[in-house]
S.K.: 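Quick one: this structure, given as structure tokens, is what I'll be asking you about.
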Amino acid sequence: MDILLPFFVAIPVFSAIFMLIVGKWEKRIFPRVWSIITTASLVVLLIIIYNKGTIVHEVGGWKPPYGIVLIKDNLSMLMLIIVNVVAFLTIIYSFSYITRYEDYLRFFSLFMLMLAGMNGVVLSGDLFNLFVFLEIASIASYALVGYGVGAEELEASFKYLILGVLASTLILFGIGMVYSVTGSVNMADIARFLINHPGNRAVLMATGLFLLGFGLKAGLVPFHAWLPDAHPSAPAPISAMLSGVLIKVLGIYALIRVSYHIIGITPLVSQIFIVIGCLSMVVGALMGFGQDDIKRLFAFSSISQMGYVMVGIGLGTPLGIIGALFHLLNHAGFKSLLFLSSGAIEGETGTRKLSLLGGLREKMPITSTSSVVGALSISGVPPFNGFWSKLIILLAALKAGNIPVAAILVFTAFLTLSYYLRFQKNAIFGEVRKKVEGAREAPIPMVAPLVLFAVFCLFAGIFNNSIITNIIMPAQEILLDQQAYIMSILGSM
Amino acid sequence: MKMDKHTGMTLIVKMITRVTVGFMLVFGGYIVLFGHITPGGGFPGGVMIALAYILITLAYGREFVEHKVSGVTASIVDDLGALLFWTMGIIGLYVGGRYFFNFLGKGEPFNLFSAGTIIINNIAITLKVGMSLYAIFLALAILQRVVTEEEPKEDEK
Amino acid sequence: MTLYFLDFFLLTVGLYALIAKRHIVKKILGVAIMEYAVNFFLILIGFKKAGIAPILTKDMDIATFIQTAVDPLPQALVLTSIVIGLGTLALMVSIAIRLYERYGTFDMHEINRLKG
């Protein structure tokens, strides 16, 4: 069974190279069809390894701690589900979205490389291997953000690139520091060493560097400067992948893996997480108010929701982590939905500005219904899924006795609700404006993922109990149990 | 070899290039093939081979070297190198049950064929890195100045 | 010990060039200097006083090799890191060329149409 793990990385890499070779002769139909086949096969692979517990695969036959390991435990399972399912639906969406660009081939090739990088980050059991896959995914995303080479896309891509390279350099510095203390880069080996020799100041500095580096990749305040420029300027499927998956995998997942399993959580680090989380929530929500561009509004809202997740992680109680991980899953669902629908709106009406849109409900019924579902979910309206995850985080804050944080949570929820209501009133309801006159419903490959995401939001809200017990709670148990992680890889303490 | 007097650099540079390019390619090949015994391996060897091609581009002009190895050919060789590396990994998975398992025989140490699949991996990386660098150089060299009003000069750089 | 301080100084120089300079190419050079500094730091970690290069020759047995050689693992990490830096640098330079074609200037303070 562990022979299947490398395929999560091997299949997308092969697709990327193969599409480039075949694309010398046929570059219109083949890249799209091949990408759909690839992502579908990854989803099938996901279903096969779904309930099999912790799987460890040693690359090259070398045993840890000498060799590289690929490990899938329940936390990785949750992230793999998020990455591969969102990628599959986004590829279906890009089937017809890509027709507004001329070069189909390189888009799908870079997309496959980004997917391979993200799968590798999630499966990696080795700190330097995580860094290499993080770089693969990041470089592919820098190129994809500037894909339509207009002036503003290139400017956004350059700003994102500069800050992303700074983050990667800091992460590598942190990895060097951890290596100099422990003498190994294998995650379980480092954890075992640091349990036996606690209180090392170099490790504290490495934690700070990791917080800076991964926080910058996650778009947390005060490292968020690239996010409001990069997410609107990218093509709509790439915005959905960036905001729905990339900031979660490269930023939040790597941060919690490093701080919970490798270095070990301390009260100081939890406090810092809570403070950064609260800052992100408030700043993201306040700056979302005056925005005219809908994609920029969604980008600020992403910053705010990532703040929710950080607060849940920082609280450290089992209830808080369940809420944070569930919100991670939900946010992938509704934020991808919102960004894909904004791409459909822009494609049909030619604009993204709220001041020029209006009355989409009559012209594009399916798109506007799914957008309304997405907006209600992210604002936390029952019975959709956002309500339950925000409620769990709020309960965790109250149970931990942290009243100021709970107050900030409620305040941010009100702000989020208010600007999404503004989005709905201006863009979807109201009278039909001039730009919206000629709009028709988007083609089927673009509408089907929207409907599927909206159905997911509804089901995850109604059946939240079964989702939490089957997917979220195993992940939370793994996260809090550092000893089990070490035992499963190294076999001894 | 067609030596057009109007493109590229002076005659002395062209003469010296003809002599040294062969040495550079041989030295690059040596670094690649003996990568498991002496320092080096795929990446430095690939850089040296790319540098040999870049030297020809600088000395003789772009049109000359595009007859020999064009940008499209470099791209295809680059992809084939990556595919070869991936195939080594998958064959390792099939034969030994682990990704990138070393399945060829390992002779005595310090011989040329003493490290199993590492030598083939080195060659694959050299193809990929060398042709990649060369293709990047060609791609960046094709751009001309379009902003200023002066007449666009084609540099060989 | 002084080597570590010099390395951090190099990192600070690169960081300063990245943040404070307005010209795009100077920012790219700042990134390159920062990457050199981090690679140097990684190699410096494995350094041992009076150590030999970690190459096993025919007339050396394993015990003396382990005792006198510097640590080879950071050198493998640095090799990977240099290749990653190469890829990033190529991407940065090509985006900088395209930015110049679109905006007509290399000054980052004038390339800010995205605001708010």
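In what follows, chains carry the letters A, B, and so on, assigned in the order in which the sequence lines appear, proteins first and then strands, with residues in each chain numbered from 1.
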S.K.: I'd like to know whether C/Phe8 forms a ring-ring contact (aromatic ring centres under 6.0 Å, His included) with A/Phe173, so could you lay out the CA-CA distance, the side-chain angles of the two residues, the decisive distance to 0.1 Å, and finally the verdict.
M.R.: CA-CA 11 Å; C/Phe8 287 133; A/Phe173 218 96; 5.6 Å; yes

S.K.: Tell me, side chain or backbone of A/Ser138 under 4.5 Å from chain C's heavy atoms, or both, or neither?
M.R.: neither

S.K.: Using non-hydrogen atoms and a 4.5 Å limit, figure out which bit of C/Thr88 sits close to chain A: side chain, backbone, both or neither.
M.R.: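 Backbone plus side chain of C/Thr88, per the 4.5 Å heavy-atom cut-off to chain A.
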
S.K.: Shortest non-hydrogen contact from C/Tyr103 to A/Glu155?
M.R.: OH-OE1, 2.6 Å

S.K.: Between A/Ala151 and C/Leu99, which heavy-atom pair has the shortest distance, and what is it?
M.R.: O-CD2, 4.5 Å

S.K.: Taking only residues two or more places apart in sequence or in another chain, which ones pass salt bridge (charged side-chain N to carboxylate O under 4.0 Å, His left out) with C/Arg22?
M.R.: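 With neighbours one apart ignored, the set is C/Asp107.
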
S.K.: Has A/Arg422 got more than 12 heavy atoms of other residues, nucleotides or ligands less than 6.0 Å from its CZ?
M.R.: yes

S.K.: So which of A/Thr169, A/Leu170, A/Leu172 actually passes side chain to side chain contact (heavy atoms under 4.5 Å, CB included) with C/Met34?
M.R.: A/Thr169

S.K.: Non-hydrogen atoms of chain C under 4.5 Å away: do they reach the side chain of A/Glu135, the backbone, both or neither?
M.R.: side chain

S.K.: With a 4.5 angstrom heavy-atom cut-off, which part of C/Leu15 approaches chain A: side chain, backbone, both or neither?
M.R.: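 Contact with chain A involves the side chain of C/Leu15 alone.
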
S.K.: With chain A, which of C/Ser81, C/Pro74, C/Gly30, C/Gly87 has the greatest number of heavy-atom pairs at distances under 4.5 Å?
M.R.: C/Pro74

S.K.: Please check if atom CZ in C/Phe9 has more than 12 non-hydrogen atoms from other residues, nucleotides or ligands closer than 6.0 Å.
M.R.: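 No, because the 6.0 Å sphere around CZ of C/Phe9 holds 12 heavy atoms or fewer from other groups.
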
S.K.: I need the minimum non-hydrogen distance between A/Phe158 and C/Met108, along with the two atoms involved.
M.R.: CD2-CE, 3.8 Å

S.K.: If you take all heavy atoms of C/Ile45 and A/Met177, which pair is closest and at what distance?
M.R.: CD1-N, 4.5 Å

S.K.: For A/Ser157 and C/Ile95, work out which heavy atoms get closest and say how close.
M.R.: OG-CD1, 3.3 Å

S.K.: Name the member of C/Leu77, C/Val31, C/Ile84 that forms the most heavy-atom pairs with chain A at distances under 4.5 Å.
M.R.: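 Highest number of heavy-atom pairs under 4.5 Å: C/Leu77.
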
S.K.: With a 4.5 Å cut-off on heavy-atom pairs, point out which of A/Tyr179, A/Phe131, A/Tyr142 contacts chain C the most.
M.R.: A/Tyr179

S.K.: Has C/Lys26 got more than 12 heavy atoms of other residues, nucleotides or ligands less than 6.0 Å from its NZ?
M.R.: no

S.K.: Kindly check if the number of other-residue, nucleotide or ligand heavy atoms within 6.0 Å of OH (C/Tyr36) is above 12?
M.R.: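 Atom OH in C/Tyr36 is not crowded, with 12 or fewer foreign heavy atoms closer than 6.0 Å.
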
